[in-house]
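Inspection log for the structure reproduced underneath, given as structure tokens.
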Amino acid sequence: MKRYVCIHGHFYQPPRENPWTGRVDLQPTAAPFPDWNHRITAECYGPNTRAAILARDGSVAERLNNLAYISFDFGPTLLRWLEAEHPRVHDDIVLADRMAVERTGHGCAMAQAYHHAILPLCSPRDRRTEVRWGIADFWRRFQRAPGGMWLPETAVSTSTLEILAEEGITFTLLAPRQAAQVRGIDAEDAQPWQPAGDLDCSRPYQVALPSGRTIVVFFYDGPTSQGVAFEGLLHDGAGFARRLIQAGRPGGLVSIATDGESYGHHHRHGEMALAFALKRLLAEPEVELTHYAAYLAEHPPSWEARLIEPSSWSCAHGVGRWSENCGCAIDPARSLKQTWRAPLRAALSWLRDRLDAHFVEHCGERDPWSLRDAWHEVGPIEDERLLSLLQMQNARLMMFTSCGWFFDDPGGLETVQILRYAWRALDLYEQTGGEAPLRDEFLDRLEGLRSREAATARELVATRVESARRG
Ligand SMILES: [Zn+2]
């Protein structure tokens, strides 16, 4: 009996473009590179498309496009940047998916919801748009329908899975602690539900949805994934391969998931350890190096799961990290000091509703929401006013990028970035005839927000948002 191994990389960077110029401003902390996007491309995205495997004498014996042998998802906003700035890397990412089709009969790329928003916290309309734009972007690049979709921060809820299933997505990937209960479904009579407890991650699970649809969930192997992300498993490619084989059982799947940036950015030369491990696994007769779509085609689920919801992979309190003072923090000394998270979400949601009312009013006879959902599928838009309205919608969807809530200090780059999207959306609102003054009330609603340097939202806007707006 073979052992199946699947390594998933979630590749994503917070958007860093100045919303007015479309260019990434200089980021001195990324020196000697102009900004973090360029630096991480040089350390991770590029090297993973041609990772060196060394001979005994230290010379390069071979180069491997690692992405063709793993499962991966790339943020659409990151791929858009790569396409413009590093087209060779972008094209090799697309090529990797084709190589996987040749090797396994199935592509190894998964789609991602478009703006990396926490889908369970989105309005139902935004949830649908994020999923549809993610699928449309995937089609444009990979020239096929995506089977799987990565949920940002693996944040899941029933309503999120319903939209995925409705839009034709067949599977997603979650953390093992997101499972609540499981039971076998291959017998005549359904078996009783049992607590997920020490979850068996070596098989796929079906999740039944209220609509009658179903979707498949894979749960990654927690300890082995942890080993890659935090315990130095990438110091030694041979040891990495051995650990993956040992973690499994004959006939079962071992799958791990981490940020893709582990391979080269978080761990220097991690892409070389990955390439070495992939070659080892490919040469191992009892091991099949696979990815989720290929595995699922041969192993339909014979178990069913119920999920803990809402839940995610990086907050132990459901999705509190992106909506409340839940206790999650990068710096433990700052735990329970994130009182700014709730008012930030509330203020942005208030602004969303005002901008949406304007959008609906000015779309004329057209159905505003199908217009927005299909924006990525239609050609260039001639009507300048309509284009501005859609750009306003894009900026206001960008306001909900999860990174704005993730870190401890609202004065950090990521939170300032989502305030910039809010300001950009407000510009477009005013340019398209929006007359009600919204900026002051928006800032009033952020009254309680203070950065670590005690800057208020008004001060952050005056110093770091207006400056970006002036270019
Ligand atoms: Zn939390």
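Everything numeric in this text was worked out from a predicted model, so none of it was measured. As the structure lists them, so they are numbered: ligands from 1, and atoms in each ligand from 1.
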> When you measure from the centre of the six-membered ring of W423, is the NZ or CZ of R439 under 6.0 Å away and within 45° of the axis?
Replying inline: yes
> What protein N/O/S atoms are found closer than 2.8 Å to the Zn ion (ligand 1)?
Replying inline: C315 SG, H317 ND1, C326 SG, C328 SG
>> Please tell me whether T401 and Q417 have a donor and an acceptor in their side chains that are separated by less than 3.5 angstrom.
In response: no
> So which pairs with a foot in residues 316-337 pass side chain to side chain donor-acceptor pair (under 3.5 Å), sequence neighbours left out?
Replying inline: none
>> Among residues at least two apart in sequence or on other chains, which ones pass salt bridge (Lys or Arg N to Asp or Glu O under 4.0 Å) with D186?
In response: none
>> So, using salt bridge (Lys or Arg N to Asp or Glu O under 4.0 Å) as the criterion, who are the partners of R203 when residues are at least two apart?
In response: D200
>> Between P195 and Q181, is there a side-chain heavy-atom distance shorter than 4.5 Å?
In response: no
